[in-house]
Amino acid sequence: MDKDFRIAHGQAHQETPTQAPDIGRRLRELRKMYGFSQRELAKRAGVTNGTISLIEQERISPSIGSLKKVLDGFPINMTDFLTLDLTPNRKVFYGEKDMKEIAGGDPISFKLLGKDTRGRAIQMMHESYKPGADTGEEMLAHSGEECGIVISGEMVLTVGGETRLLQAGEAYYFDSRLPHRFRNLGKTSCVIVSACTPPSF
DNA sequence: CTGCAATTCCGAGATGATCA
DNA sequence: TGATCATCTCGGAATTGCAG
């Protein structure tokens, strides 16, 4: 019977709740994200509000069965519940002042989404190349993969010996280990929105 | 003495009512 | 609305009884 396999081992009442993977705190944050009261969630899950309260306070360690019932009140599965970043103060939205210029700005501008990419799987940038801008004869090459979409203007992109003129609306995707070079040979600035993984800046 | 089933005890989760 | 409390329920551990 899964009912007897407790999420937190040992004496939940006496020992520190850090043994458990933050069940209570996670449940409370998830519930608030969805804007449910304890009673509302209890009704959706088919348990009592007292149970929700006790779980959130980590005064009980719910069985697998009852935790699953509670999670049925949300569109989330057990794995996501235990692994999702529910930190309430994580940054989601970025204004222009939150973008970090990492290429000097003239003639090439790379505005990095977020000033700190540590812990991220994706690096995203707003790139701008003035007419004549060139990443240089010395080809770029680094580990990872990158892709981008030309928003305006045009870009001559060389990847692994292959060259192509990309215009607004066109895009690229390549293994960053291949030698590559970006050149704006057009008459207007070229704007690209790009992504790279893992982050290289 | 050993092995097994039945019974009892106890701890912890869940409930429903109530409080602040 | 969230927290608390008395009570209920359930399952594991311990104990008991009995046959072989």
Would you list the atom pairs, donor with acceptor, under 3.5 Å between side chains in residues 178-186 of chain A and any protein atom, with sequence neighbours excluded?
from      : atom 1 : to        : atom 2 : distance (Å)
His180(A) : ND1    : Leu140(A) : O      : 3.1
His180(A) : ND1    : Leu178(A) : O      : 2.7
His180(A) : NE2    : Glu146(A) : OE2    : 3.3
Arg181(A) : NE     : Asp134(A) : OD1    : 3.0
Arg181(A) : NE     : Asp134(A) : OD2    : 3.4
Arg181(A) : NE     : Gly136(A) : O      : 3.2
Arg181(A) : NH2    : Asp134(A) : OD2    : 2.6
Asn184(A) : OD1    : Gly186(A) : N      : 2.9
Asn184(A) : ND2    : Tyr129(A) : O      : 2.8
Asn184(A) : ND2    : Lys130(A) : O      : 3.3
Asn184(A) : ND2    : Thr188(A) : O      : 2.9

Fill in: Partner set under salt bridge (Lys or Arg N to Asp or Glu O under 4.0 Å) for Glu137(A), not counting sequence neighbours
none

Please report, to 0.1 Å, the donor-acceptor pairs under 3.5 Å made by any side chain of residues 156-170 of chain A, with sequence neighbours excluded.
from      : atom 1 : to        : atom 2 : distance (Å)
Thr158(A) : OG1    : Thr163(A) : OG1    : 2.9
Arg164(A) : NH2    : Glu170(A) : OE2    : 3.3
Glu170(A) : OE1    : Gln167(A) : N      : 2.7

Worksheet item: What string of B, S and - do you get for nucleotides 15-20 of chain B, 5' to 3', if B is base contact, S is sugar-phosphate-only contact and - is no contact with any protein heavy atom under 4.0 Å?
Response: BS-B--

Practice prompt. Would you kindly give the CD1-to-C1' distance between Ile60(A) and dC10(C), to the nearest whole Å?
Written response: 14 Å

Discussion item. From CZ of Arg28(A) over to P of dT1(C), roughly how many Å is that when rounded to an integer?
Written reply: 14 Å

Worksheet item: When the distance from CG of Leu41(A) to C1' of dG2(C) is rounded to whole Å, what number comes out?
Response: 13 Å

Response to the item:
Taking every heavy atom of Phe110(A) against every heavy atom of Met125(A), the minimum-distance pair comes out as CB-SD, 3.8 Å

Worksheet item: Are OP1 or OP2 of dT4(C) and a side-chain N or O of Arg59(A) less than 4.0 angstrom apart?
Response: yes

Item to complete: Provide, to the nearest angstrom, the distance between the CD1 atom belonging to Ile52(A) and the P atom belonging to dG2(C).
Response: 10 Å

Discussion item. Which Ile, Leu, Val, Met, Phe, Trp or Tyr residues join Leu113(A) in one cluster when any pair of side-chain heavy atoms under 4.5 Å counts as a link?
Written reply: Tyr94(A), Met99(A), Met124(A), Ile149(A), Ile151(A), Val191(A), Val193(A)

Worksheet item: Which hydrophobic side chains are connected to Val92(A), either touching it within the sub-4.5 Å cutoff or through other members that do?
Response: Phe93(A)

Discussion item. Taking any heavy-atom pair under 4.0 Å as a contact, classify Ser37(A): base, sugar-phosphate, or nothing.
Written reply: sugar-phosphate

